Amino acid sequence: MSKVQDIYGAKVFDEHTMQERLPSATYKQLMRTIKDGEALDLDVANVVAHAMKEWAIELGATHYTHWFQPLSGITSEKHDSFIDPIDDGHAIMSFSGKELIQGEPDASSFPSGGLRATFEARGYTAWDPTSYAFIKDEVLCIPTAFCSYTGEALDKKTPLLRSMAAIDSQANRVLALFGEPRQRVVVTLGAEQEYFLISEKDYEKRLDLILTGRTLFGYSPCKGQELEEHYFGAIRPSVNNFMKELDEALWELGVPAKTKHNEVAPCQHELAPLFANANRAIDQNLLTMEEMKLLASHYGLTCLEHEKPFEHINGSGKHNNWSLSANGKNLLDPGDNPIDNLRFLVFLAGVIQAVDDYQELLRMAAASAGNDHRLGANEAPPAIVSIFLGEELDRVVQAIIKGESYHSAERAEMDLGVEELPNFLKDNTDRNRTSPFAFTGNKFEFRMPGSNQNLSDCNMVLNTAMAKSLKEFADEMEGKSGEEFNAAAMEYVANTLRDHQRIIFNGDGYSDEWQVEAEKRGLANHKTTADALPCFVSDKSIELFGEFNVLNEAEVRSRYEVKLEKYNKTMNIEIRTMKRLVRRDYLPAINRFAAEIAENTWKIKQMLPDADLEAQERKLRALVDGAARINKLLSKLHELHYVSLEVADQQERANMNAHQIVPVMDDLRDAVDAMEIIVGHEQWPVPTYNEILFYT
Ligand code: ADP
Ligand code: MG
């Protein structure tokens with residue numbers, strides 16, 4: 001392997017490369033755009049574009065693309081070559097500032113949730129200079145935002161950037177109260193990516209995996225994860241080679257891939273990068289997902305990024321580690337001196353308030369057809385949002401709520417806000433895996449998002465809700481200073497914690513008692529996507545996003561529509577695949593096997609009239625009954641499916657999918673799976689979990 005230092009960021013037009021390649025004045029101007037959001041004029045853009053093109057061509061690029069994230073969540077790209085033919089029949093390679101700054105993809109093929117009809121049909125992409133351009137497969141990729149001509153966001157990135165701007169301005173108001181100068185506050189994000197790797201040969205034989213990303217059928221394997229041998233276990237050689245190539249590819253792209261290991265389920269793995277500015281971290285996560293899929297094929301493997309590829313086996317999440325950084329200083333890091341601690345408590349209370357007030361929106365942001373199979377399945381957090389603080393911090397919070405001094409076994413009594421917070425809060429390793437939103441020492445980890453999701457949605461919600469908490473604090477405190485401010489701030493923190501303590505839960509999130517307790521506390525428990533989405537278009541949500549200019553009402557409504565449609569379309573594909581597989585593969589296999597047994601049993605009877613054939617007859621009965629049950633459920637599913645397609649209202653259709661159709665799909669699956677374990681191995685039409693999950 002080449003030296004890591006040499007390859008790291010080799011394909012990225014990063015700050016280092018900019019400084020090297022750009023005239024000093026241009027570089028400075030561009031930095032002001034990147035760091036302070038100053039507008040960039042076309043002359044500067046022309047110089048940047050030229051330097052970028054020269055750099056890209058040296059690295060073998062022939063094309064460029066505006067790389068963006070339409071509402072489908074995945075990335076889109078359309079490649080344009082740099083070629084510019086000239087009169088003498090030759091061509092030069094050109095790339096202008098205008099081409100760098102703005103592009104015009106045909107917006108009509110991307111989901112817009114009705115926005116295009118309401119506004120302007122065309123959309124354009126606009127360069128996001130805060131995320132670096134990079135080269136992928138001989139294409140210069142320029143991260144961009146995607147908007148309609150009237151300025152409505154048609155992508156995931158735009159509202160994320162707007163929410164980060166809201167955090168920046170509100171956090172600065174709060175920091176000013178602590179006597180700090182205006183500085184750039186950014187959201188930091190570390191996205192841990194879980195995934196499965198299975199053999200390509202098995203994958204190719206599973207139409208359900210190919211079409212829906214998950215197995216719609218499959219009995220649990222004889223061996224599951226009970227021996228707990230996979231987590232952090234030795235990595236099999238083909239996977240190890242894959243991981244090495246992946247690391248190298250990511251490092252070249254400037255993705256700080258840091259940790260890789262086996263996960264709990266067989267064939268499950270994880271990759272965690274070092275955290276970065278949330279905008280960049282999300283771009284990097286999308287690149288990571290893309291590279292994983294691509295590189296797996298080099299090793300005869302297929303990478304599954306679905307949230308729940310296998311029933312009875314842990315699903316995959318994408319932990320969203322989130323914090324705020326002011327000029328490199330982590331605002332969720334309890335500090336070493338009293339005033340830092342007060343600041344920490346203000347931001348902590350802000351998060352607690354934000355998560356309590358907008359718990360439903362956070363749940364909504366993690367909702368998808370795939371994640372419905374994972375949340376609450378005793379392996380992932382429940383569908384109820386709550387916060388885990390850890391024992392030590394919880395005691396601190398309880399003391400503040402009660403207005404008592406804080407007692408710690410190890411330390412002397414503390415007068416909070418004026419004394420030091422216990423230092424070991426930072427080393428908080430007490431990880432409660434059952435909590436959806438956990439404080440882990442100096443950041444919060446939101447664990448609801450599924451492995452397949454674009455993290456922009458949940459960060460948009462979190463950032464905007466946090467901006468609101470900070471705004472309320474600043475509104476109330478501005479004008480106060482010194483001791484008066486300290487006392488008022490501490491009182492504000494105590495009141496906020498008291499008002500929102502219902503969201504704090506340090507117990508077992510998997511337990512049935514928690515479901516009951518959460519209901520008593522008035523916490524939302526939206527079990528399915530159909531239940532989770534409507535809060536997005538509530539007045540409370542529209543007001544929140546409007547207040548901070550993150551999404552206007554039309555944008556909120558359009559996003560809700562897109563999410564609903566995506567859910568219903570996914571369900572439709574799953575139902576169709578299920579019916580097709582049952583009719584054409586499973587039922588014929590079961591019937592063939594039954595006929596074979598009948599024939600053989602009959603033959604034996606002819607030759608040995610007194611033979612004991614009870615077992616064969618019983619098996620035949622089970623197969624025939626099983627096929628009958630499958631046929632009944634198939635008809636039921638078919639009927640409901642057709643009714644659902646007639647339901648014009650997308651929310652109603654989603655309700656029907658979630659509450660009427662999914663239960664029938666579950667029953668049908670059970671009926672088929674029950675046959676899998678009695679039909680002969682040779683006759684079963686697809687590889688089973690035993691084979692897929694335990695290959696050599
Ligand atoms: P886990 O035990 O959940 O795997 P890790 O210690 O591996 O947790 O860290 C998870 C992620 O949190 C990493 O991507 C790491 O870079 C990120 N992280 C650490 N500090 C911060 C921070 N201040 N802001 C955002 N993410 C952070
Ligand atoms: Mg984690």
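Whatever order the structure lists them in is the order used to number ligands and atoms, beginning at 1. Source: prediction; values computed, not measured.
- Contacts between N330 and ligand 1, counted as non-hydrogen atom pairs separated by less than 4.0 Å, involve the side chain only.
- Looking at residues two or more places apart in sequence or on another chain, you find no salt bridge (Lys or Arg N to Asp or Glu O under 4.0 Å) involving E305.
- Between P273 and ligand 1, at least one N/O pair is under 3.5 Å apart.
- Numbered from 1 in the order shown, with element, the atoms of ligand 1 that lie under 4.0 Å from a heavy atom of L274 read 16 (O).
- Counting the atoms of ligand 1 from 1 in the order shown, those under 4.0 Å from a heavy atom of E445 are 3 (O).
- Of the options T188, N321, V186, L331, the smallest heavy-atom separation from atom 24 (N) of ligand 1 is shown by T188.
- With sequence neighbours excluded, no residue satisfies ring pair (Phe, Tyr, Trp, His ring centres under 6.0 Å) with Y132.
- Between the side chains of S238 and N241, not a single donor N or O lies within less than 3.5 Å of an accepting N or O.
- Proximity of K258 to ligand 1, defined as any heavy-atom pair under 4.0 Å, is not found for any part of the residue.
- Here is the list of ligand 1 atoms found below 4.0 Å of a heavy atom in K443: 12 (O), 17 (C), 18 (N), 19 (C), 20 (N), 21 (C), 26 (N), 27 (C).
- An N or O contact shorter than 3.5 Å is missing between L189 and ligand 1 by distance.
- A salt bridge does not link E194 to R374: none of the charged nitrogens lies less than 4.0 Å from a carboxylate oxygen.
- At least one N or O atom of E192, backbone or side chain, sits closer than 3.5 Å to an N or O atom of ligand 1.
- Side-chain atoms of N279 and S131 form no donor-acceptor pair, as typed in the model, at a separation below 3.5 Å.
- There is a side-chain donor-acceptor pair under 3.5 Å between N454 and Q69.
- Nearest heavy-atom pair across N442 and N330 is O-ND2, 2.8 Å.
- Taking a cut-off of under 4.0 Å to the non-hydrogen atoms of S323, the atoms of ligand 1 that pass are 22 (C), 23 (N), 24 (N).
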